[in-house]
Q: 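Could you have a look at this structure, given as structure tokens, before my questions?
Numbering of ligands and ligand atoms starts at 1, following listing order. These numbers come from the heavy atoms of this one structure, side chains and all, not from hydrogens, waters or symmetry mates. Owing to the predicted nature of the structure, the values given are computational and were not obtained by experimental measurement. We number each residue from 1, following the sequence as shown.
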Amino acid sequence: MDKKDLLRRLPKIDDVMRQESLVMLAEEKGELLVTDAVRDVIAGMRADILEMFDETAEYYDTSQFEAANVAAAAEERLAEQEKKKLYRVINATGTILHTNLGRAPLCKDATDNVAAVSQGYSTLEYNVSQGQRGSRHDLVGELIKELTGAEDAMVVNNNAAATMIVLASMGAGKEIIVSRGELVEIGGAFRIPDIMMQSGAYLTEVGTSNKTRISDYENEILTEEEAEEMDWDETPRGMTRYATGALMKVHKSNYDIVGFTEEASLEELVALGKKHEIPVIFDMGNGLMLDMSEYGLNEPNIPASLATGIDVMLFSGDKLLGGPQAGIIVGKKEYIKAMKKHPLARAMRVDKMTFAALEATLMKYRDPKLALRDIPVLSMIAASSDELKAKAEKLADAIRDKNHDAVCEIVEVEDQIGGGSAPSVRLKGWAVSVQDGGKSADRTERKLRKAEVPVVARINEERLLLCVRTIADDETDLVAEAMKQE
Ligand SMILES: *Cc1c(COP(=O)(O)O)cnc(C)c1O
């Protein structure tokens, strides 16, 4: 057979579409996409034939022209096209809040509630008992107040948005005093000085990189009258100065300053704020609700920080709170009320799916034991060394079952919180170190990423590590499956 014969015998789209499998598929996915897939498969064959040498044509396997085979190829193609860009992976890195892997995994109640609320209509802005319009701000407001002791609360898209609206609402046209040791970059373009500029507030830096005293803040405070009377040539570099709008503390969430250091405490700032009638803002970032010091996590928590008398405090929903991406602002009613009315509020408001996940997550905190058991981020932090060791042994057994070449060893590792939180905390954990036949760690790591549910592993000193702290119990079999012999 020569190339011309082959081209003539190429299958016809209509013939292929009559295959029963495709008739059913077209019913489900619509004619259009299925026909396109068949057309693409046939076009691929035509291009192959046109490109090949005449001698190759003689040996061409024409069984691929059969309608059933073209249909199967089209089905595969369609499945490939339908593969989502955003899909589940297994985190075997031992880093709990892995920023690239979506930060906090949600608890089951949260995902159930998202499905229940988003598949139909909901009470997003409707008060069922009164049969009239409600406010989305009220959905989790009461719960947050109960859990944190705050007077009022507001939820926006993330903590970056929260920072923006807090500064715009409390500091536009005024100066906000921040320590030079706390001018944080959270990642990418999010830097406190830049966000301050965008908000219309003026940053006044005080202290030094390693030491800032409460007197540094006090010396910089300007009243309205003082700011008005100030001559431009009295100010550094002749800059205009504005009245102080707030004192702000930013938690050093993603770095530590060690050595010869000093910083003003929340209590000192609150006392200074009271004395001068200036509000105090605390960007605490991580959203830790419970005291987790017994698990090695010595971070400030929300209720304790608020109890110092802070006026406004803000944090992320998807860091140590263990909920969906959100920015939560809590504090004195007068300030939060103004934020809810601020024009930016609409641009930052969150969707029903976020509220659904957040409400279900927050409810767990009504009993701290439930929160520790059911919120994945917290249960991963609280997991004991014995539990993790047993989990690692179970995983090693499951891998040996699937792959007789794999040599598994249980090793101790240091896990991390991640997500720019508690950078110096190391959690003692366990991992399965795998030698997959004669393969290099890099090659095994690639194989794991290609699995049906990809597994993201850690490589340490040429060893492939599967850290079990971040592998959910029901994922063990999937990891073993990904490790099966090639
Ligand atoms: C993480 C963090 C932010 C940014 O929060 P996102 O929710 O990621 O937008 C801001 N400030 C501090 C102190 C943080 O730790």
Q: Could you identify the single nearest non-hydrogen protein atom to atom 7 (O) of ligand 1 and state the distance to 0.1 Å?
A: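 Answer, as residue, atom name and distance: S316 OG, 2.6 Å.
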Q: Need the ligand 1 atom indices (1-based, order shown) with element for anything under 4.0 Å from a heavy-atom of H251.
A: 13 (C)
Q: Kindly indicate whether a cation-pi arrangement holds for K83 with Y87, taking the cut-offs as under 6.0 Å to the six-membered ring centre and within 45° of the axis.
A: yes
Q: Taking 4.0 Å as the limit for heavy-atom contacts, which would you say applies to N159 with ligand 1: side chain only, backbone only, both, or neither?
A: both
Q: Could you label the plane-to-plane angle of the F282 and H251 rings as parallel, tilted or perpendicular, counting under 30° as parallel and over 60° as perpendicular?
A: perpendicular
Q: What do you reckon, does A160 have a nitrogen or oxygen under 3.5 Å from a nitrogen or oxygen of ligand 1?
A: yes
Q: Looking only at N/O atoms, are D283 and ligand 1 under 3.5 Å apart anywhere?
A: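 In this structure, D283 places an N or O atom under 3.5 Å from an N or O of ligand 1.
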Q: Using a 4.0 Å heavy-atom threshold (strictly under), name the region of K319 that reaches ligand 1: side chain, backbone, both or neither.
A: side chain
Q: Suppose I only count heavy atoms of F190 and a 4.0 Å limit; which atoms of ligand 1 are within that range?
A: 10 (C)
Q: Could you check whether D436 pairs with K447 (Lys NZ or Arg NE/NH1/NH2 to Asp/Glu carboxylate O, under 4.0 Å)?
A: yes
Q: Between E218 and R213, does any side-chain N to carboxylate O distance fall below 4.0 Å?
A: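 Salt bridge: no.
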Q: Do any nitrogen or oxygen atoms of N286 lie less than 3.5 angstrom from nitrogen or oxygen atoms of ligand 1?
A: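 Not met; the criterion fails.
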Q: Could you name each residue pair satisfying side-chain hydrogen bond (donor to acceptor under 3.5 Å, both in side chains) that touches residues 277-287, not counting sequence neighbours?
A: N159-D283, N286-E299
Q: Could you tell me if any non-hydrogen atom of F315 lies under 4.0 Å from any atom of ligand 1?
A: no
Q: Are S433 and C408 side-chain neighbours, meaning at least one heavy-atom pair lies under 4.5 Å?
A: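 When only atoms from C-beta onward are counted, C408 and S433 do not touch, as no gap falls below 4.5 Å.
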Q: Could you tell me which residues satisfy side-chain hydrogen bond (donor to acceptor under 3.5 Å, both in side chains) with K333, sequence neighbours excluded, listed by chain and number?
A: none
Q: Touching ligand 1 at all, R103? Heavy atoms, strictly under 4.0 Å?
A: yes
Q: Give the residue, atom name and distance (to 0.1 Å) of the protein heavy atom nearest atom 15 (O) of ligand 1.
A: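 Result: S253 OG, 2.5 Å.
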Q: Establish, from distance only, whether the side-chain atoms of S129 and N127 form a donor-acceptor pair under 3.5 Å.
A: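 Short answer, yes.
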